[in-house]
Amino acid sequence: MSLKFYNTYSKSLEEFKPLSKDVVAIYNCGPTVYDHPHIGNFRSFLFADVLKRYLEFKGYKTRQIMNITDVGHLTMDDVEQGEDKLEAAARKQKLDPWAIAKMYSDEFFELLTVLNVKKADLYPRATDHVQEMIKAIEKLIEKGYAYVSGEGVYYRIRKFKDYGKLSGNTPESLVAGKRIPKNPNKEDPLDFALWKLDPKHIMKWPSPWGEGFPGWHIECSVMSVKYLGETLDIHTGGEDNIFPHHESEIAQSESCNGKQFVRYWMHARHLLVGGSKMSKSAGNFYTVKQILNQGYRPQALRFLLLSAHYRSNLNFTFDGLESSGSAVDKLVNLKDSLEGIISKKSKGGDANQQAISLSNSVLVKFEESMDDDLNIAKALGYVFDFVGEVNRNISSIGSDSASKLLETLLKLDSVIGCIYGDKTIELTPEQERLIRDREDARKKGDFSASDKIRDELKRQGIQLIDSKDGTKWKKSLC
RNA sequence: GGUGGCGUACCCAAGCGGCCCAAGGGAGCUGAUUGCAAAUCAGCGAUUCGUCGGUUCAAAUCCGACCGCCACCUCCA
């Protein structure tokens, strides 16, 4: 079976064939850095992560670019007040917009690490590419796709024949929708801004048309060409990006370069919280930090956010988060027991046939499922079938078979990415003494004393496990 | 108002015309194991897939209506 992706552009499942044999060019719409990243944002970033990891699992090399939107951008309402999101956040927090952008992008990068997201090759910032954006706008003006008007430079959407092909929002249907406010500066109310003039804006740059700042869509067009070339293999984002953002990117890029902009458009569905839309007023709005500060493990959050198909509405609940934590434990426990077997038993002989066929079987089923537009829920079903099968036979597994099975588990986890984090903590001398005391108590049969010590250590984050080979300990999972 | 999508057990979630009296994970209960735990294993757990109709030899899967939810319609992952 071959790899297939659902392409938003064609609205159908298509076989994936990258443009170049050497490397898959991926562009992800990244964060807008004027607020704390929330769990919904990270669902789409984790989708991008799994996509990249799976392509690498399949043997592709990737080049992945994720932009950082550090210009706030005006809303239509805000145009009246000349206020944009970054400026609003800045004013509220009594900081300048640059400091706000820095603060939230730092948080974003920190969370990428905490959630075990593989780093993109580059995270270009919009504000570092204003000169290129100006050049692109000039080119669009030259080609007749853009015009200078009172408040800025606008893109003439009716000149681009394919406008609306991605989202279905053709000029005709947009007009029929009747929600377009009139704007005297635009030739057509549907035209969108490439450059906004506003000398009072804090984040402003000089341009041939006067001081101002770039429109929202142009940054992605410019940065993707600069770092990936004129035609990308894959462009991802949240479903809300389909219109107007991605629709407008296509228009800009294709009219500017005269080439197909993106071959496969992939969009992640929004996350629901408790069955409905996440919103601050409904009280079901969670930032990633809030979840982690409540003591939930990042591995659990990662697992939950990636465990449903990316094109379905994943419903976030705290029950789900806890159950994800247990699911991750199951994977980690298997890794620990396999490592235990490997370290204990001397090498010798080959992995037995059962271990080999079990490994092959799970890898094939996993790949078949993931090939089907990243059907990770189905793929995880097979992973846990594998886990159960190995556990059932764990007592009879030799070290070479264990190595083989561990290799398989880690290969699967190279896509899932949930087995990580340090469990290696140093015991204090006091804790070591307590463990020895407990051993003595147990030998004497003084179980009330030994249980007391076990409870105490648990409180300190150390979990004890009694086994045939003596007492082991590990960092307890919360 | 226009357009698109979804509704599967206590929770999360696969399945998209016969292999389904419906994967997998979690929670729960029962048992094995353990001094007791932890981990692990076994068993139980939807005769039913939002509701009501229809098509078909056959429907969770197709069609229609209704109910509920989500998204987009120029900030929003």
Side-chain angles (χ1 to χ4, degrees), chain A residues 11 28-32 34-35 37-48 69 72-78 84-85 88 167-169 173-174 176-181 183 189-193 215-217 236-245 247-248 267-272 275-278 303-304 307-309 311-330 333-334 336-337 369 375-385 387-388 390-395 442 445 447-448 450-451 454-455 458 463-468 472 474 476:
Chain A
K11 289 164 191 63
N28 308 306
C29 268
T32 305
Y34 56 67
D35 208 345
H38 58 69
I39 54 179
N41 295 320
F42 264 84
R43 182 194 192 183
S44 99
F45 302 145
L46 285 172
F47 150 62
T69 298
H73 302 296
L74 294 176
T75 66
M76 286 314 291
D77 293 341
D78 291 338
D84 82 1
K85 292 288 180 182
S167 62
N169 287 330
S173 68
L174 286 170
K178 284 186 193 163
R179 278 191 40 182
I180 323 303
N183 182 332
L190 301 175
D191 292 347
F192 60 86
W216 175 36
H217 317 305
T236 73
E239 59 176 326
D240 54 305
N241 282 150
I242 296 170
F243 189 88
H245 189 47
E247 192 70 78
S248 303
H267 294 96
R269 262 290 145 74
H270 278 185
L271 178 75
L272 303 181
S276 53
K277 184 182 170 179
M278 184 163 66
F303 186 92
L304 177 60
S307 61
H309 186 91
R311 284 192 294 115
S312 70
N313 284 125
L314 169 63
N315 187 20
F316 176 92
T317 61
F318 283 94
D319 274 356
L321 186 55
E322 279 170 29
S323 101
S324 295
S326 304
V328 171
D329 290 345
K330 222 170 162 168
N333 288 338
L334 180 62
D336 288 348
S337 27
S369 307
N375 190 341
I376 195 161
K378 190 176 180 183
L380 286 171
Y382 291 122
V383 171
F384 284 101
D385 284 344
V387 172
V390 175
N391 275 326
R392 227 163 287 145
N393 296 297
I394 200 81
S395 57
R442 286 187 75 216
F447 295 120
S448 76
S450 73
D451 289 354
R454 185 168 63 193
D455 290 345
K458 190 163 190 187
Q463 172 159 16
L464 297 183
I465 301 125
D466 298 323
S467 76
K468 287 191 286 287
K472 295 175 187 159
K474 63 180 184 180
S476 67

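These figures come from a predicted structure and were not determined experimentally. Below, read A as the first sequence line, B as the second, and so on, with proteins coming before strands; counting in each chain starts at 1.
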What does B:G1 pair with, Watson-Crick or G-U, if both distances are under 3.5 Å?
B:C73
Regarding A:Gly445, tell me which of base, sugar-phosphate or nothing describes its non-hydrogen contacts under 4.0 Å with the strands shown.
nothing
Closest non-hydrogen atom pair, A:Pro37 against A:Phe42:
CB-CE1, 3.6 Å
In plain terms, say whether A:Arg454 and A:Asp451 are close enough for a salt bridge, that is, a side-chain N and a carboxylate O under 4.0 Å apart.
yes
Could you tell me whether the side chain of A:Arg43 and the main chain of A:Gly238 form a donor-acceptor pair under 3.5 Å?
no
Locate the shortest heavy-atom distance separating A:Phe47 from A:Ala268; write the atom from each residue and the value.
CD2-CB, 3.7 Å
Taking CZ from A:Phe303 and C1' from B:G25, how many angstroms apart are they, rounded to a whole number?
6 Å
For atom C1', what is the distance between B:C52 and B:G7, given to the nearest Å?
15 Å
Does A:Ala327 reach a base, just sugar-phosphate, or nothing at all? Heavy atoms under 4.0 Å.
sugar-phosphate
Nearest-Å distance for atom pair CZ/P, residues A:Phe447 and B:U34:
13 Å
Is the phosphate of B:A37 approached by A:Ser450 (side-chain N or O, under 4.0 Å from OP1 or OP2)?
no
Could you say whether A:Asn391 or A:Pro31 is positioned toward the 5' end of RNA chain B, judged by the nucleotide with the nearest heavy atom to each?
A:Asn391
Round to a whole Å and report the spacing from CZ of A:Arg269 to C1' of B:A71.
7 Å
Hey, which sits more toward the 5' end of RNA chain B by its nearest nucleotide, A:His309 or A:Phe243?
A:His309
Quick one: look up who B:G68 pairs with, Watson-Crick or G-U, both distances under 3.5 Å, and put none if it's unpaired.
B:C6
Determine the minimum heavy-atom distance between A:Ala48 and A:Thr236, stating which atoms define it.
CB-OG1, 4.2 Å
Measure from the side chain of A:Arg392, starting at C-beta and using heavy atoms only, and say which of B:C41, B:C69, B:A77 lies closest.
B:C41
Of the listed nucleotides (B:C12, B:A13, B:A39), which one gets closest to any side-chain atom of A:Ala377?
B:A13
Give one of base, sugar-phosphate or nothing for A:Ser467, where a contact means two heavy atoms less than 4.0 Å apart.
nothing
Look at all strands and tell whether A:Lys11 reaches a base, only sugar-phosphate, or nothing, counting heavy atoms closer than 4.0 Å.
nothing
Looking only at the side chain of A:Arg454 (C-beta and beyond, no hydrogens), which of the listed nucleotides B:G35, B:U74, B:A14 gets closest?
B:G35
Please work out if A:Asn41 contacts a base, only the sugar-phosphate, or nothing of the nucleic acid, heavy-atom cut-off 4.0 Å.
base
Take atom C1' in B:A59 and the same atom in B:A32, then report the distance between them in whole Å.
41 Å
Value in whole Å for how far the P atom of B:G25 lies from NZ of A:Lys378
16 Å
Say you pick atom C1' in B:A60 and the same atom in B:A9; how far apart are they, in whole Å?
14 Å
Residue A:Asn315, side-chain atoms from C-beta onward, closest of B:A14, B:C75, B:C12:
B:C12
Regarding A:Phe384, tell me which of base, sugar-phosphate or nothing describes its non-hydrogen contacts under 4.0 Å with the strands shown.
sugar-phosphate
Locate the shortest heavy-atom distance separating A:Asn241 from A:Cys29; write the atom from each residue and the value.
OD1-CB, 3.7 Å
Base, sugar-phosphate, or nothing: which does A:Ser326 touch, judged by heavy atoms less than 4.0 Å apart?
sugar-phosphate
Rounded to whole angstroms, how far apart are CZ on A:Arg43 and C1' on B:C12?
12 Å
Should B:G53 form a Watson-Crick or G-U wobble pair with both distances under 3.5 Å, which nucleotide is its partner?
B:C63
Between B:G35, B:C73, B:A77, spot the one nearest the side chain of A:Pro244, thanks.
B:C73
Mind checking if A:Asn241 touches a base, just sugar-phosphate, or nothing, with heavy atoms under 4.0 Å?
sugar-phosphate
Just checking, is any N or O donor in the side chain of A:His270 or A:Asp240 under 3.5 Å from an acceptor N or O on the other one?
yes
What nucleotide, of B:U74, B:C72, B:C70, holds the atom closest to the side chain of A:Asn169?
B:C72
Gap in Å between the two P atoms, one belonging to B:C72 and one to B:G15, rounded
24 Å
Go through B:C36, B:C70, B:A14 for me and flag the one nearest to the A:Asn313 side chain.
B:C70
Just call it for A:Gly168: base, sugar-phosphate, or nothing, with non-hydrogen atoms closer than 4.0 Å on any strand.
nothing
Give a yes/no answer on whether the side chain of A:Lys474 brings an N or O atom under 4.0 Å of OP1 or OP2 in B:A38.
no
Could you state the atom-to-atom distance from CG of A:Asp240 to C1' of B:C73 in whole Å?
13 Å
Of B:U74, B:G25, B:A77, the nucleotide closest to the side chain of A:Ser323 is B:G25
In whole angstroms, how far is the P atom of B:A42 from the CG atom of A:Asp385?
11 Å
Under a plain distance cut-off of 3.5 Å, with no hydrogens placed, do A:Ser369 and A:Asn375 share a side-chain donor-acceptor pair?
no
For a quick check of understanding: with a heavy-atom distance under 4.0 Å over all strands, which category does A:Arg442 fall into, base, sugar-phosphate or nothing?
base
Which one, B:A37, B:U74, B:A77, comes nearest to the side chain of A:Asp466?
B:A37
Pairwise C1' distance, B:U47 and B:A22 [rounded to whole Å]:
11 Å
Measuring only the C1' atom in each nucleotide, how far is B:A38 from B:U34? A whole number of Å is fine.
9 Å
A:Lys458 atom NZ is separated from B:C36 atom P, nearest whole Å, by 17 Å
Contact class for A:Leu314 vs. all strands (heavy atom < 4.0 Å): base, sugar-phosphate, or nothing?
sugar-phosphate
Side-chain N or O of A:Thr32 less than 4.0 angstrom from OP1 or OP2 on B:A77?
yes
Separation between the C1' atoms of B:C67 and B:U56, rounded to whole Å
26 Å
Any strand counts, and the cut-off is 3.5 Å on both contacts for Watson-Crick or G-U wobble. Which nucleotide pairs with B:G24?
B:C12
Provide the closest heavy-atom pair for A:Gly40 versus A:Met278 in the form atom of the first, atom of the second, distance.
N-CE, 3.9 Å
Taking any strand in view, what nucleotide pairs with B:G43 in a Watson-Crick or G-U wobble way, both distances under 3.5 Å?
B:C29
Which label fits A:His217 and A:Phe192: parallel for a plane angle under 30°, tilted from 30 to 60°, or perpendicular past 60°?
perpendicular
Would you say the base of B:A71 stacks on A:His270 (centre-to-centre below 5.5 Å, plane angle below 30°)?
no
Counting any heavy atom closer than 4.0 Å, what does A:Ile465 reach on the DNA or RNA strands: base, sugar-phosphate only, or nothing?
base
Ranking B:C12, B:C41, B:C72 by distance to the side chain of A:Thr317, first place goes to B:C12
Considering only the P atoms, how many Å lie between B:U33 and B:C19, rounded to the nearest integer?
39 Å
Hey, does the side chain of A:Lys330 come within less than 4.0 Å of B:G25's phosphate (OP1/OP2), counting only N and O?
yes
